[in-house]
Amino acid sequence: MALSDFLAQLEQLAVEAQAAFDSAADSDALEAARIDFVGAKQGRLKAAQKGMGQVDGPDKPAAGKKFNEVKQAVEAAFEAAKQRLSDGAATQASAQRFDPTLPGHLPRVGHTHPITQTIADMKEIMGRLGFAAVEGPEIEDEWHNFEALNIPLVHPARDPLDNFYLAAAQAGGNDTLLLRSQTSTVQIRVMEQTPPPVRIISLGRVYRPDTADDTHYPMFHQIEGLLVAPGVTMADLKSVLRMFCQSYFGEQDVHIRFRPSFFPFTEPSVEVDMSWQAGWMEMGGAGMVDPNVLRAVGYDADEVTGFAFGLGVERICMRRHGITDIRNLYTNDVRFLEQF
Ligand code: FA5
């Protein structure tokens, strides 16, 4: 065989071996290429080595030299490919390794209940208007639920049929206790402990033995608002309610209607209605804090005046989301809850 032919075969082998090792995507492909090119029995290098015997005698040293160069290049290409695959496997393994020190990712499970969302939104909006959120107990005594609110013993609002009284033994004392029927109890608790000015809201559950229908439920939530300071008027009350509504409903002009009403602890008193579909929905009660209430908590009724309001949280939530039956909020049907 002519030397030039032999050298050309070696060049070709080197190029093909390099390409095969470079393109091996995994260890199986690399092993197949290794057997093909450097395999001890059938490998193409081995075959080339045998072919050297056919080269003319004087050309043999040159053929041997070239063979050794190509052999080294092919083996180096194999080693490089082996290293590349093992580096890749190490990187992949470290990417998959569980590192307990990394911050976790909680997938979203479930939804915030629309009432919880409404309460959070209300706190946020009223907070921007300067009202601090305070808590009060759900089990109340008669003083905070009635007397301090100017609701005397004989008042029909205290009827056992309209309240959830707790048996004295169950309540653990002699005082008559009940599940609070309104969040106005918190007004008293705050004013008893805080000198004016006062600017608070309180949000929480209240209980009444009402029959459930599309706008009533025996357990529901109220937001109570109270602002007491020198010179507070009904105009402030309406402004605060309008600003709240504009923020919460995202509407430029939510129609709010005040209807004359009566609450023993406010004078004058109003029912607060808001436009709802083609008509009106009663959202709550409000008024100017009765001077008797201010005096009952030790305030000087000649120095300060105040407004108070108590709105139904469910009804406000219903208006915003177009919910037409309050019972949807409490049946825990996930098809309903998933929408929030
Ligand atoms: C009161 O509870 C007064 N404490 C409100 C108040 C506060 C007046 C401060 C003056 C000053 P009323 O009983 O009307 O008022 O209830 C207020 C709102 O609670 C109602 O307008 C309604 O939106 C909601 N509400 C009343 N009963 C239910 C019920 N069973 N289910 C759902 N929401 C109700």
Heavy atoms from other residues, nucleotides or ligands near CD of Q339 exceed 12 (cutoff 6.0 Å):
yes
Ignoring hydrogens and geometry, is there a side-chain-to-backbone donor-acceptor pair from K46 to G39 under 3.5 Å?
no
Would you please test Q9 and D5 for side-chain hydrogen bond (donor to acceptor under 3.5 Å, both in side chains) and show each step?
CA-CA 6 Å; Q9 273 180 21; D5 291 345; over 6 Å; no
Please collect all salt bridge (Lys or Arg N to Asp or Glu O under 4.0 Å) contacts where either partner lies in residues 205-219, sequence neighbours excluded, each pair once.
E138-R205
Check for me, please, whether L13 and I35 land in the same ILVMFWY cluster - side-chain distances under 4.5 Å, paths through other members count.
no
For C317 against L329, the heavy-atom pair lying closest together:
SG-CD2, 4.3 Å
To the nearest 0.5 angstrom, please state how far the OH atom of Y299 sits from the OG1 atom of T305.
12.5 Å
Spacing of H144 atom NE2 and L149 atom CG [to the nearest 0.5 Å]
9.0 Å
May I have the step-by-step check of side-chain contact (heavy atoms from CB on, under 4.5 Å) for T215 and R315, ending in yes or no?
CA-CA 7 Å; T215 52; R315 298 212 185 157; 3.9 Å; yes
Verify the cluster assignment for F262 and V289: are they in a single hydrophobic cluster under the rule of side-chain heavy atoms below 4.5 Å apart?
no
Should P230 and E303 count as side-chain neighbours, where that means a heavy-atom distance under 4.5 Å?
no
Just checking, is any N or O donor in the side chain of T101 or D99 under 3.5 Å from an acceptor N or O on the other one?
yes
Give the intermediate values and the outcome of side-chain contact (heavy atoms from CB on, under 4.5 Å) for residues E135 and L203.
CA-CA 7 Å; E135 301 275 333; L203 284 131; over 6 Å; no
Does the structure place the NZ or CZ of K66 under 6.0 Å from the centre of the six-membered ring of F6, at an angle of no more than 45° from the ring's axis?
no
Are S181 and D162 linked by a side-chain donor-acceptor pair shorter than 3.5 Å?
no
Would you please classify the geometry between the Y165 ring and the F146 ring as parallel, tilted or perpendicular, with 30° and 60° separating the classes?
tilted
Which heavy-atom pair separates H155 from P264 by the least distance, and what is that distance?
NE2-CG, 3.8 Å
Looking at R335, is its backbone amide N or carbonyl O close enough to the side chain of D333 to form a donor-acceptor pair, meaning the two atoms are under 3.5 Å apart?
yes
Can a donor-acceptor pair be found, under 3.5 Å and without considering hydrogens, that links the side chain of S269 to the backbone of F263?
yes
Would you say that I256 contacts D273 through its side chain, given a criterion of any heavy-atom pair below 4.5 Å between the two side chains?
no
So if you build clusters from Ile, Leu, Val, Met, Phe, Trp, Tyr with side-chain heavy-atom gaps below 4.5 Å, do F258 and W280 land together?
no
Please confirm whether Y217 and Y330 have ring centers closer than 6.0 angstrom.
yes
Treat each ILVMFWY residue as a node, draw an edge where side-chain heavy atoms are under 4.5 Å apart, and state whether M243 and L311 are in one component.
yes
Parallel, tilted or perpendicular, judged at 30° and 60°: which one describes the rings of Y207 and F164?
perpendicular
N-O pairing of E31 and R34 below 4.0 Å:
yes
How are the rings of H321 and F340 set to each other: parallel, tilted or perpendicular (split at 30° and 60°)?
perpendicular
Can you tell me which residue pairs pass the salt bridge (Lys or Arg N to Asp or Glu O under 4.0 Å) test with a partner in residues 14-25, sequence neighbours excluded?
E16-R44
Going through the distances and angles, do Q117 and T112 end up as a side-chain hydrogen bond (donor to acceptor under 3.5 Å, both in side chains)?
CA-CA 6 Å; Q117 261 178 42; T112 309; 4.7 Å; no
Shortest non-hydrogen contact from A157 to N163?
O-ND2, 2.8 Å
Are L241 and M274 close enough that some pair of their side-chain heavy atoms sits under 4.5 Å apart?
no
Tell me if a side-chain donor or acceptor on E271 pairs with a main-chain N or O of R259 at a distance below 3.5 Å.
no
Just so I know, are the side chains of M122 and I223 near enough to count as touching, which here means a heavy-atom distance under 4.5 Å?
yes
Is the F244 ring parallel, tilted or perpendicular to the Y248 ring (thresholds 30°, 60°)?
parallel
When rounded to the nearest 0.5 angstrom, what distance separates CD in E140 from OG1 in T185?
4.5 Å
Out of curiosity, Q54 CD to M1 CE, how far, rounded to the nearest 0.5 Å?
5.0 Å
Spacing of CG belonging to L179 relative to CE belonging to M219, to within rounding of 0.5 Å
11.0 Å
Between I201 and K123, which heavy-atom pair has the shortest distance, and what is it?
CD1-CA, 4.0 Å
With heavy-atom distances below 4.5 Å as the criterion, would you say the side chains of T266 and D290 are in contact?
no
Indicate the atoms forming the closest heavy-atom contact of G287 with L237, along with that distance.
N-CD2, 4.0 Å
Does the pair F220 and V206 meet the rule for a side-chain contact (heavy atoms from CB on, under 4.5 Å), with working shown?
CA-CA 6 Å; F220 59 102; V206 299; 3.4 Å; yes
For R128 and S247, what are the C-alpha separation, side-chain angles and deciding distance, and is it a side-chain contact (heavy atoms from CB on, under 4.5 Å)?
CA-CA 10 Å; R128 276 192 269 135; S247 274; 4.1 Å; yes
Could you tell me if the side chain of V297 sits less than 4.5 Å from the side chain of I188, heavy atoms only?
yes
State whether E282 and R257 are salt-bridged, where the test is any N-O pair (Lys NZ or Arg NE/NH1/NH2 against Asp/Glu carboxylate O) under 4.0 Å.
no
Would you say the side-chain atoms of E224 and Q187 include a donor-acceptor pair closer than 3.5 Å?
yes
Heavy-atom distance under 4.5 Å between the side chains of M191 and L294, does that happen here?
yes
Is the backbone of V134 close enough, under 3.5 Å, to the side chain of S202 for a donor and an acceptor to pair up by distance?
yes
Just checking, R320 and F249: is the charged tip under 6.0 Å from the six-membered ring centre and within 45° of the axis?
no
Going from CD on E142 to CG on L153, what distance comes out if it is rounded to the nearest 0.5 angstrom?
7.0 Å
Could you check H221 against E314 for side-chain hydrogen bond (donor to acceptor under 3.5 Å, both in side chains), going step by step and ending with a plain yes or no?
CA-CA 7 Å; H221 296 73; E314 280 77 358; 2.8 Å; yes
Which heavy atom of S275 sits nearest a heavy atom of R319, and at what distance?
O-NE, 2.6 Å
